[in-house]
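For reference, the structure is listed below as C-alpha cells.
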2 protein chains.
Amino acid sequence: MIEKILAADLPVRDEQPAGRDGTRSLSVTDRLREAILRGETSPGARLNEVRLSQMLDVSRTPVRAALQVLAGEGLLDYQPNRGYVVRQFPLSEIVDAYDIRGQLEGLATRFAAERGFNAEEREIIEQSLRDGDALLDKGHFVDGDLSRYRAINGNFHETILGAAKNRMLSEMIRICHHVPASSSRNIIAFEFRDVRRRHDDHHRIYETILAGEPWRAELQMREHVAGVKSSLVQQLRQRGAAGEAADDE
Amino acid sequence: MIEKILAADLPVRDEQPAGRDGTRSLSVTDRLREAILRGETSPGARLNEVRLSQMLDVSRTPVRAALQVLAGEGLLDYQPNRGYVVRQFPLSEIVDAYDIRGQLEGLATRFAAERGFNAEEREIIEQSLRDGDALLDKGHFVDGDLSRYRAINGNFHETILGAAKNRMLSEMIRICHHVPASSSRNIIAFEFRDVRRRHDDHHRIYETILAGEPWRAELQMREHVAGVKSSLVQQLRQRGAAGEAADDE
DNA sequence: GTCAAGCAAAATGTATACACTTAGGCCACT
DNA sequence: AGTGGCCTAAGTGTATACATTTTGCTTGAC
C-alpha cells in the first residue's frame, strides 16, 4: 500500500531546511517514483489526487505535475477524466526490457569505443575495476558489500553510457531502468559467483575497448546484459514468483 | 516562430463542437507537439507560459500540463524555475536515432515473427503490400501519392510493432519518432526509386516472417531502417543542411 | 568606466475555488 | 424481479489569485 510508505515519511513541505534544490513538484515526483519502483503500490491501483496531496501535505497542483511526469515516463497509465493507475510489470515484460537494454547498452558501448574515453572517464572506469577487484578478492561478501558493489557497477555502466555522448540512447536506457528489477543497479538478486563473473565481464569489455575493437565490445556488452537476465530469471523462478516480479528488498 | 503557427489556427477552446474526445490539456499537448515536430519553433527558444495560454485562449493550467508531458517525451528541456526550452536535434543525433530505431524495430520484428500474426494483423499487412504495389506500378508518383504511401508505410510498421506485443518496445520506438526526420512516417525526403526499394524490403520481410525465420527477419528490418537512414543523410547533405535538420515540408 | 548590490518587473510555482465528468446507488417503471 | 433513467457524491479539469524565484536594469561606489 502506497499510503503507509508515504505517510511514514516526513511531509514534502519544508523537507529541506533551506528549501534546497528544487520545487515541491520535483520532490513529490521523486517520492512517488521511488514508491512505485519499490513495488510499494498495489499494481493497478488508482492514485487519488486529493488523498495523495493530503498525505504529502501539499496542494493538488504539484501532485498532478508529478503524476503527469510519471505517466510520461511510463510508470503510470492515464485516462482522461479517470485519473492515473499504477502499471504492472509481468515477468515477460521484464525479460523483454533486458533484451532491449542489452541491445541499447551494446550500442552505447560501441559508440563509446569509437569516440574513446577522456582522462576523467578512464579514471572512473579503472577505479571501478580496482574497487571491484578489492571487494571480490576476499572470496566472499560481508554485510554491505553488495550495496557497495552496486555503486561500483553503476559507475562502470554510467561512465560508458556517458562516453557514448548520445542523449537519446541515455534516455531510452533510463526508461528500461524504470521497469522494476531491470535496472543495472539492481544486483541484489545475485550470488557471489555471479557478481564475480560479471565483474570479469567488465574487465573484458574495457580491454576490448582499449584494444580498439568497438564491434566486439558491443557484442560483449550485449552478452553481459543477457547473462544478468538469465541469473535474474533463474532467481525469480526459484523464489516461485509466478509471473510477477519479486520484491528485491 | 511558434507564435505564427499557433495564432493562425483556431483557439483550442470550443475547438470541437460537442467538446469531443478529451480535455483542453490534451488538445494543447497535441498542438504544441505538432508545432515542435514540424520544426516551427526556433530551436532553443523559451516557451513562455502566459504567452502560449493567451495564444491558445486557455489558462496556464492546461499549458503547463502539456509542457510537462512534452518534456517527459523528450521534446522539451525543463529547468526548475526557469521554464521549458525547445530541444534541438543536430544531424548526428538524427543519425543515432536511426541506428537505435533500427535495432528496436529489428527486435520488434523478431518478436512478432516468433509470436506470429493473427488474422486481422495479417490482413492489414497484406493490404499495405497490395496498396503499395498498386501505387508503385505506375512507375512514377502523382500529387498526393507520397502522403498516401506514408500512410501505407505507417500501417506496415505499426502492425508489426503491435504484433510484437511489447509495450516498452513500442514506447521506445515512439520516442525515436519524436526526433524530427526520424519518424517512419517521414518519407518526404525520398525519391520514387527509394520508395520502391523500401517497399520491396517490406515484401521480403513479410515473406521471411511467414517462412518462420525470425532471426533473418530481424536483420532484414534493421538493414531496412539503415537504408532509410542512408537516403535521408544523402538528401540532407544535398540540401546543404550544415548540421541541422532540414524542414521537410 | 567597470563592477556590484539592490530593486522592480516578469516568469514560474503553488494553492484554492469552481466547473465538468464519471461512477454508483436509488427509485420508478416495465 | 429485472432494467432503465435520474440523482447525488466523488474525482478530475480549469481558471485564477497569490507566493516565490529569476532576471536584468538601474544606481551607486570604487
Original post:
Looking at Thr61(A), does any N or O in its side chain come under 4.0 Å of the phosphate oxygens OP1/OP2 on dT16(C)?
Top reply: no
Subject >> Side-chain donor/acceptor of Arg60(A) to base of dG11(D), under 3.5 Å >> reply: no
Original post:
Are the side chain of Glu93(A) and the backbone N or O of Pro90(A) linked by a donor-acceptor pair below 3.5 Å?
Top reply: no
Original post:
What's the CG-P distance between Leu67(A) and dG11(D), to the nearest Å?
Top reply: 14 Å
Original post:
What is the distance from CZ of Arg64(B) to C1' of dG13(D), rounded to the nearest Å?
Top reply: 15 Å
Original post:
Over its full length, what angle do the end axes of the helix from dG1(C)-dC30(D) to dT30(C)-dA1(D) make, each axis taken from five pairs and the result rounded to 10 degrees?
Top reply: 10°
**OP:** Sequence neighbours left out, what pairs pass side chain to side chain donor-acceptor pair (under 3.5 Å) with at least one residue falling in residues 61-70 of chain A?
**Re:** Glu49(A)-Arg64(A)
**OP:** Classify the angle between the aromatic ring planes of His202(A) and Tyr149(A) as parallel (below 30°), tilted (30 to 60°) or perpendicular (above 60°).
**Re:** parallel
**OP:** Tell me, yes or no, whether the heavy-atom count around Glu120(B) atom CD, taken from other residues, nucleotides or ligands under 6.0 Å, exceeds 12.
**Re:** no
Original post:
What's the shortest heavy-atom distance between Ala164(B) and Arg115(B), and which atoms?
Top reply: O-NE, 3.3 Å
Subject >> Phosphate-side-chain proximity, Thr23(B) and dT12(D), N/O vs OP1/OP2 below 4.0 Å >> reply: no
Original post:
Taking CD from Gln79(A) and P from dC20(C), how many angstroms apart are they, rounded to a whole number?
Top reply: 22 Å
Original post:
Has Tyr78(B) got a side-chain N or O lying under 4.0 Å from the OP1 or OP2 atom of dG13(C)?
Top reply: yes
Please tabulate the protein-to-nucleotide N/O contacts below 3.5 Å involving nucleotides 22-24 of chain D, giving atom names and distances.
{"from": "dT23(D)", "atom 1": "OP1", "to": "Arg82(B)", "atom 2": "NE", "distance (Å)": "3.3"}

Original post:
Minimum heavy-atom separation for Leu26(B) to Tyr78(A), with atom names?
Top reply: CD2-CE2, 4.3 Å
**OP:** With the side chain of Arg24(B) defined as its heavy atoms from C-beta on, choose the nearest nucleotide among dT14(C), dT12(C), dT14(D).
**Re:** dT14(D)
Subject >> Length of the line joining Gln54(A):CD and dA15(C):P, which is rounded to integer Å >> reply: 13 Å
Subject >> Atom of Ile173(B), atom of Glu105(B) and distance for their closest heavy-atom approach >> reply: CD1-CG, 3.7 Å
